[in-house]
Every structure is written in C-alpha cells, then in structure tokens.
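So the structure is just underneath, and the comments pick up after that.
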Amino acid sequence: DLTNIASYLPFLTLTGDVGKFIYSMPIVLTMSLIASRIVSMTFIPLLGKLLLRPRKRPEPTLEAQRTRGFGRVYYRAVGWALDHRKLVFVLSLGLIAGGGALARDIKQAFFPKDLSYLSFIDVWLPEDAPLSETRARVEEVRGVIARTAESWARREGHDPDEVLSSVTAFIGGGGPRFWFSVAPELPQLNYAQLLIQVHDKHATAPLVAELQRALSTTVAGARIDVRQLETGKAVGIPVAFRLSGEDIPTLRAYADQIKAILRTTPGAFGVRDDWGNDTFSVKLEVDADRANLSGVTNLDVASSSAAAMNGAVVGQLRDGDRELNIVARLRADERAQISDLQDLYVVSQTSAQKVPLRQVSHLDYGFRTEKIRRRNQFRTITVSCYPATGVLSSQVLAAALPRITEAGARFAPGYRWELGGEKEEQKKSMAQMAVVAGLLFLAIFMALVVQFKSAIKPVIVFAALPYGAIAAVVSLVIAGAPMGFMAILGIISLMGVIVSHVIVLFDFIEEGHERGAPMRETLLDAGLLRLRPVLVTVIATVLGLFPLARHGGPLWEPLCYAQIGGLTFATVITLVLVPVLYAIFILDLKIVRWDRPGPAARPTVDHVVPTLPPELGELARALDGERPRAPTMIE
C-alpha cells in the first residue's frame, strides 16, 4: 500500500489546467488505498471468521504442488530459467529492444477527445462582412445541419428525430463560456458560433465528421470549423506555427510560404492564419495647413463627409410605440462612386465658410491589415490547420515539419518561427510528467529501502519495471490507441502495481532467507506459493478495465490498454524474470549475499536466571559453578 500511495501522490505536483484536470485522481486513489487497508485489517478478518469453514480436504503440501499440474510445469520452467539465467536475461533484453522498435511508429496525441453531448461550429466570414451577411450564412448552416443529421441517421439506422437535441446560434460574437477549454470570441460582425447538442454522446464524433464535409462543400463565402470539445488544456487549432518579426509584408510573405507547405501536406485541411485577409480601404487624408487657411477643422471634414455618405439624424418620427430616425444624406446616384466624395463641400461649424473637400484633402486607396496580433511584444502571425478525419495532428506535423524547418532556415535576421498548438502543450506537460516520474521513483525507492532494509534490493525491483512499460507501449500499438497524456498516466500508475507484485515475491524470498532455506528452492517456491494472490490481483484489475476500455470512450482507451497489456505481461515478468534477476544479483554480480544464519547462541545463566523464581535462580547459579554443562541442564 505504501508503494502504491507513493506512485500516485507525485501527480499532485502537476500545475495549470492539466493539474486541475488530474488533481482529484491521486486524492481519490490515496484515500481508497488507505480505506482498503483499514478494511482489510478489520472487516475482512471478521468476515473470514463468520463465513470461512475448515476444508474437508487438507491443503496440498509444497512437495505435492511441485509435482502436479501447473506447479510442475512452472517449477521446471523457472528451474531451467535459473540454470540458464544469462541466456534468459539476454533474451529479455531482446524483447525490450523489439518492443522499442515496434513502438517507434506509435501514434502521438496530447489529450484524446472524450465522449460528449456537445460540439460547436465556428463560422468566419471576410473581415468586412456586415452582420446581415453573417446572419444569412448562419441560417444556411442551420439548414445543412438538419439535412446532414437526418441523412446520417437514416444511413445508420437511427430515428432522425432522435439525433439532434438542439442547435443554438450566437451571431456577432461567441456565446458564454459553456466549456472550460473553449474561450469565447470577442464581439465581431463577421463571426458566429453554433452550439450543437445530441441525444446520444456516441453520435457526436461521427456526426462532426459528416457536418464538416457537408458544410465545407455546401456553404460558400465562409470558413466553417466543426469542432469537438477538448478534454484537457485548451489547445485550439492543433497544428500551429508562430512567426514573429516587425515588418508586416515580410511576415505575410513568410506566412504564405508556411501555408503553401501545409496545403500540400497529406491529411491537413482548413489552413489559415489568425490575422485574416487584408481588406480594401479608402482613407481620407486631410491637409492640415490648407484646412486651417480655409477656416475648417478636421472635425468639420469628418462631420461633412460622414453626413453625406452615411447620413445624419435630423429628427425623429413617432409611429405608435416606436420612434424612427429621420436621416438626411446624398441621393444614391450622388454617392455611388468613391470619387463623388471629393465633390462634397465642407461646412464650418463656427462660420458660414464652405470649402470644396478636394481642396483640403485627398483620397488614399489600398489594402489594410484588419488584425495585428502580438506575442511577447513582437508582431506574431500564427499559421495553423486541422487534421483530416481519422488523422492525428502528430501525423500532419511529422509530414510538414521537415519542409517548414528548411523554409525557416532561410528567414531573414530578426524573423523566427516556433511550434505552437498541440505539440507545444504536449512538451510542457511531458516536462511536468518527467518531474512526476522522478518523484515517483524516488518515493517508491525510499519505501522499498524501508521495507527491505537495503539499498541494493530495490534495484532488483526497478529492473522489472522496463518490461512492464514496454508491454504497455506494445499494447497501445496493437490496439491502435495513441500515446498521450492518459497513456503515460496509465504507464506511470502501472509501475506501482508491478512493484506491489514484486514485493509479494520478495516477502517470501526474504522469509526463506531468514529461515536458512536454500536459495534455489526459495526462488522457485516463491512464485509457486505466491501465484494465487498475484493472479487474483491481475485478473480482477484486467477484467475491471475491459468494460471501460470498450465503452469508456477515446479518453480512457489509452490508459486502459496500457494497463491491461502491462499487467498481463508483468505477471510473467514477476513470476519468471524476478527470480532470474535475483539469482543474477546473488550468483553472478555478487551484489546481494545469501548467507545462511549460523546456529542460535546458547543462553547463559545470566540470561536465564532473571526469568526464574528466586529458589531456582540460586540453584542455577550453584549448578553453573559446579558443572561445566549446567546451562544445558537449565535449558
């Protein structure tokens, strides 16, 4: 129990959103282990007294277990392994090497998407789109959602009316924070967000893929992203590259190079940057000197031009319970072209002076960047994309990164790029997990030192851990589950379980050592007599994990498969390889000594007399002085 608790408590050191997400797990497991320990030492013995009855047949002796059934096979197999321990150890290293080679191509993922009833859609129009155009696109998206959900339900054999629960739209900005990892967008006329809720949470993932295909091919003039909720820390767009510098055109040019590479990368779609497209703008530049000589101000110029083009409120008309503004502006044919603006007259607000607008200003045409984002005080543009359905972001990144690295090496001085998105968050979390793993192994080592009263024997325990870890990784490869935060979490917690199994064997081996039993028989009998508790623990854990692996969703699958494979293989390691490693440490490396304790020293009269009545004590001392073997008689 102490080693299991020591394997969970280091997770409390995780910080940030990942730490908040995982914080309750070590607390709950630690309290459960403490409670189970209390129950096992109080309530379980009571149940044993009430329910257990004497066996009609006596328990088979150790000699009988060695020569019958599975015990006979195990005894011979482990005996052969002890006789050829060096060969067995080399073969085990080959298994680790083979598992490592198989695990090189394992898929990588930060946090898998969990099962959820909710998903959401981001609708982006061009930067200069009015709110009316955004509203029209949202209505079009609603229709596509309804038709796609109905066709998907009929194809999958579901009731079309039992797929969608609700579709809620927020136009002109994001909705309220409905999920901890979804940050609401600021109000902007060209943006809308739709929140989709389904009746069956297992339908969310396939429906999201169907909606993305349908909306991308049906709705024109808008960039539409259909997204599932993120479970861990907010990542946003999973594949992202940040470019920093000062000159806007140069940054735009480098960003276009990165976007061109991503567009030709298999599995990538929805390539974009966070600055948006440049928009055409007309700027009225006022000549301050001429305006002052003409007796008009910048305010006069702005008021006259705005009133002519957009109109000015000159009064109100009441219509029942409503008030309608009366707006005065030029006729449509007088303001149809931008050049008509220069034919206006500027009227001074402080005098009767009228001046042609073209005499005090000129028009400047051009494209303008609507959004300029900064990071650490530097102008930074982020180029990003989504992985296609069935493709992980790590696969897209692995395909695009060599070419992006080559392009980044040609950037001018003062311009740099760095990875963002899921890969960046994964590196941060893995750094914290490395600290957790270090604390975990240190805590387990100290617990084992206290348990065995030795600093060498815990090394034998740790020697068995890599085999369980490789087995867990191979299980992920076979199951097709990605290696991510949850898988690493499962592997780290697996270490505590493996250690507890090894301790079960070590406890028997140490008892045999104290009794002065032969080393070979002790190592063989340890696995034979401790087989039942080890198998009961493994079978109970594995059977309990299978339902969660099958129906718990993609979030729990990596953790479950890692522990199922690791525990199954760790049972073989515990029962076969641990005796081999113990023998190697004793016979070959000679780090651990196996010395039989000598015969117990005979008690002298000085030890015995204090425990006797006074009369016998005096007799004992008298006999001890007269007969040399008096202590033997007293015993």
Side-chain angles (χ1 to χ4, degrees), residues 7-8 10-11 14 17-26 28-29 99-100 102-116 181 201-202 204-206 228-233 235 238 387 389-398 421-423 425-434 436-437 440 465-498 538 541-570:
S7 67
Y8 289 118
F11 288 110
L14 291 175
D17 291 337
V18 175
K20 294 177 182 177
F21 176 78
I22 211 70
Y23 179 80
S24 60
M25 189 202 74
V28 172
L29 290 177
L102 182 63
R104 287 186 304 177
D105 299 329
I106 189 172
K107 298 183 291 185
Q108 299 285 333
F110 181 43
F111 258 100
K113 301 294 190 299
D114 196 11
L115 297 176
S116 175
S181 61
K201 61 183 179 181
H202 292 87
T204 299
Q228 290 181 257
L229 299 180
E230 297 178 28
T231 305
K233 186 175 181 179
V235 174
T389 303
V391 180
L392 295 176
S393 60
S394 59
Q395 296 172 304
V396 176
L397 184 62
E422 183 178 291
K423 187 65 175 180
E425 299 300 332
Q426 188 175 11
K427 286 183 177 180
K428 294 178 182 178
S429 296
M430 292 304 106
Q432 292 190 0
M433 291 295 286
V436 170
L440 179 146
L465 298 183
Y467 300 93
I470 286 295
V473 174
V474 173
S475 301
L476 293 175
V477 175
I478 296 175
M483 171 65 76
F485 182 86
M486 297 301 291
I488 295 176
L489 182 65
I491 293 174
I492 291 179
S493 60
L494 175 67
M495 300 297 102
V497 180
I498 295 177
V538 171
T541 305
V542 170
L543 292 181
L545 288 173
F546 262 114
L548 185 60
R550 296 292 299 172
H551 305 288
L555 176 66
W556 298 103
E557 285 179 3
L559 184 146
C560 293
Y561 288 131
Q563 292 208 347
I564 289 173
L567 283 176
T568 303
F569 189 73

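Residue indices begin at 1 and follow the sequence shown.
The line from CD1 of Ile470 to CG of Leu465 is 12.0 Å long, rounded to the nearest 0.5 Å. Between Leu392 atom CG and Glu422 atom CD the span is 8.0 Å, to the nearest 0.5 Å. Thr204 OG1 to Leu229 CG: the interatomic distance, rounded to the nearest 0.5 Å, is 8.5 Å. From Phe569, atom CZ reaches atom CD1 of Ile498 across 10.0 Å, with rounding to the nearest 0.5 Å.
When all heavy atoms of Gly565 and Ala471 are compared, the closest pair comes out as O-CB, 3.9 Å. Ser475 and Tyr561 make their closest contact through CB-O, 3.4 Å (heavy atoms, listed as atom of the first residue, atom of the second, distance). Pro482 and Ala487 make their closest contact through O-CB, 4.0 Å (heavy atoms, listed as atom of the first residue, atom of the second, distance).
In this structure the side chain of Ile491 reaches within 4.5 angstrom of the side chain of Val473, judged on heavy atoms. Here the side chains of Leu476 and Pro558 are in contact, with some heavy-atom distance below 4.5 Å. Using a 4.5 Å cut-off on side-chain heavy atoms (C-beta onward), Leu567 and Leu494 make contact.
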